[in-house]
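Accompanying notes for the structure given below.
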Amino acid sequence: SNKGNTMSKETGIVLCAQDVKRVLNGEKITFRTVLSKQPASSTVRMYCETAGEFDAKVDKWYAECLNSGQRWIDNVAYTCPFGVIGDRLWVKETFCYIARSSEGPMPISSISYRADRDINVKSAFDGQWRSPATMPRWASRINLKIVGINVAKRFDLTEQAATAEGFKATNSEFGGCKNPLRAHECPFGCNCFSARENYANALVIKYGIGTLDYNPWTWVLEFKLLTP
C-alpha cells in the first residue's frame, strides 16, 4: 500500500538497448532483479504483508518454507528496494552527448540514445557511447510508475510472464511459432521456441550458460509507461 505516502520514491534502473525498445513499444511491462539477500533454500513461496495506512509505509515480504513436510514462516522481513506501488522508476540507458557545452543539464535534444539506432549500422556516435550507469537524471527520457510488485524465482515463470518481459514465441524458419513448445516436442518439427525459452536464452547470452544452474528469487515490478 502506498497510502499516506506524501512523496513517491524515484529509483533509476539500467536497461539494455533491446529492453528500452521493448518498453517504448509496449512489449515489456515488467522488470526483474535478483534479491540482494536470498531467502532460505527451503523457501517455497514469498508472500506480502501489506502495510496499513498508519503503519510503516512499506510492504513487507516473508518466506514460507517447507522442510521434511513441515511448513513455517521465516520471520525475516524483505522490503522492495524500489519502493511500493505508485512509486516511480526512471530508465538509465546507453547514450552520448551530441553537443556538450557545460556539465549541467541540457535539452533532451542534446542526447542521442543507442536504442534509437540500428546496432548493425555504423554511426558517427560509435566510440562515444556512455555506460547507462553514468546517465544523469535529467538525460533520462523514460519514466515508469510501479503498478504491481511480486517476488518469484528467475526461471519459474509462465509463458504469459515471459511475454510481459518482452519476449515472444518464435520460429527460426517461419518467423512466428504457432505452437510454442520445445523444439523436440513440436509435432510440426518447426524448430520453435516459447517465450519462456527465449527469455532464458537471453539470460544465458548475458550471463553465460552457468546461469541456468542458479534460480534465485527476484523482485518482479510491473510498471506503466508515463507520457513525458
Side-chain angles (χ1 to χ4, degrees), residues 8-34 81-83 86-148 154 157 160-172 174-177 193-208 211 218-228:
S8 62
K9 182 174 178 174
E10 193 178 66
T11 310
I13 61 170
V14 171
L15 292 183
C16 67
Q18 188 60 52
D19 277 343
V20 168
K21 291 179 181 178
R22 290 172 177 140
V23 168
L24 291 175
N25 66 22
E27 292 177 356
K28 180 177 177 67
I29 58 170
T30 57
F31 167 75
R32 291 168 186 255
T33 187
V34 175
F82 302 95
D87 283 339
R88 307 295 175 90
L89 306 170
W90 61 278
V91 173
K92 299 179 175 186
E93 56 181 301
T94 303
F95 73 108
C96 73
Y97 299 107
I98 298 172
R100 189 75 168 143
S101 58
S102 70
E103 289 302 312
M106 297 185 296
I108 209 85
S109 58
S110 65
I111 303 294
S112 179
Y113 301 97
R114 191 74 181 90
D116 292 346
R117 304 195 170 271
D118 187 333
I119 60 171
N120 299 312
V121 177
K122 288 273 188 184
S123 83
F125 303 115
D126 289 348
Q128 299 181 47
W129 298 113
R130 294 173 178 243
S131 164
T134 67
M135 173 175 272
R137 175 69 183 93
W138 63 264
S140 175
R141 57 175 171 164
I142 303 174
N143 296 289
L144 310 170
K145 180 179 180 180
I146 299 174
V147 296
R154 175 184 269 167
L157 75 172
Q160 184 179 8
T163 302
E165 281 290 311
F167 292 88
K168 300 175 182 174
T170 54
N171 180 295
S172 61
F174 307 117
C177 183
F193 294 90
S194 68
R196 290 174 62 199
E197 288 173 307
N198 285 327
Y199 162 81
N201 287 338
L203 288 172
V204 167
I205 291 169
K206 187 174 182 179
Y207 299 115
T211 194
T218 63
W219 295 108
V220 184
L221 306 182
E222 184 181 356
F223 56 77
K224 181 176 72 172
L225 178 62
L226 299 175
T227 52

Contact between Ile142 and Leu15 at the side-chain level, heavy atoms closer than 4.5 Å - yes or no? no
Inter-residue atom distance Lys206.NZ - Asn201.CG, 0.5 Å rounding: 14.5 Å
Sole residue of Lys145, Arg88, Arg137 in salt bridge (charged side-chain N to carboxylate O under 4.0 Å, His left out) with Glu10: Arg137
Here's a test for you: under salt bridge (charged side-chain N to carboxylate O under 4.0 Å, His left out), which of Arg141, Lys21, Arg130, Arg117 qualifies with Glu93? Arg141
Is any side-chain heavy atom of Phe167 closer than 4.5 Å to one of Ser194? no
Validation row: Tyr97, Ile111 side chains within 4.5 angstrom (heavy atoms): yes
What heavy-atom pair brings Trp219 and Pro81 nearest, and what distance separates the two atoms? NE1-CD, 3.4 Å
Work out which heavy atom in Gly86 is nearest to a heavy atom in Ser8; give both atom names and the distance. O-CB, 4.0 Å
Does Thr30 have any side-chain hydrogen bond (donor to acceptor under 3.5 Å, both in side chains) partners at least two apart in sequence or in another chain, and if so, which? Glu165
Which value, rounded to the nearest 0.5 Å, describes the distance between Thr94 atom OG1 and Met135 atom CE? 8.0 Å
Looking only at heavy atoms, which two atoms of Pro136 and Trp90 are closest? And how far apart? O-CZ3, 3.9 Å
Nearest heavy-atom neighbours spanning Lys9 and Thr11: CE-OG1, 3.7 Å
So do Asp87 and Phe82 actually touch side chain to side chain, heavy atoms under 4.5 Å? no
Donor-acceptor check, side chain of Lys168 to backbone of Asn198, threshold 3.5 angstrom: yes or no? no
side-chain contact (heavy atoms from CB on, under 4.5 Å) for Val23 and Leu144? Distances and angles first, verdict last. CA-CA 10 Å; Val23 168; Leu144 310 170; 4.1 Å; yes
Any side-chain heavy atom of Thr33 sitting closer than 4.5 Å to one from Ile13? no
Heavy-atom nearest pair, Arg32 first then Tyr199, reads CD-OH, 3.7 Å
Any side-chain heavy atom of Asn143 within less than 4.5 Å of one from Leu89? no
Out of curiosity, Asp19 CG to Leu24 CG, how far, rounded to the nearest 0.5 Å? 11.0 Å
Nearest-0.5 Å distance that lies between atom CD1 in Ile146 and atom CZ in Phe31: 10.0 Å
OG of Ser140 to CZ of Phe95: how many Å apart, nearest 0.5 Å? 10.5 Å
Which atom names give the shortest non-hydrogen contact between Val20 and Ala115, and what distance separates them? CG1-CB, 3.6 Å
How many angstroms lie between OG1 in Thr134 and NZ in Lys92, if you round to the nearest 0.5 Å? 8.5 Å
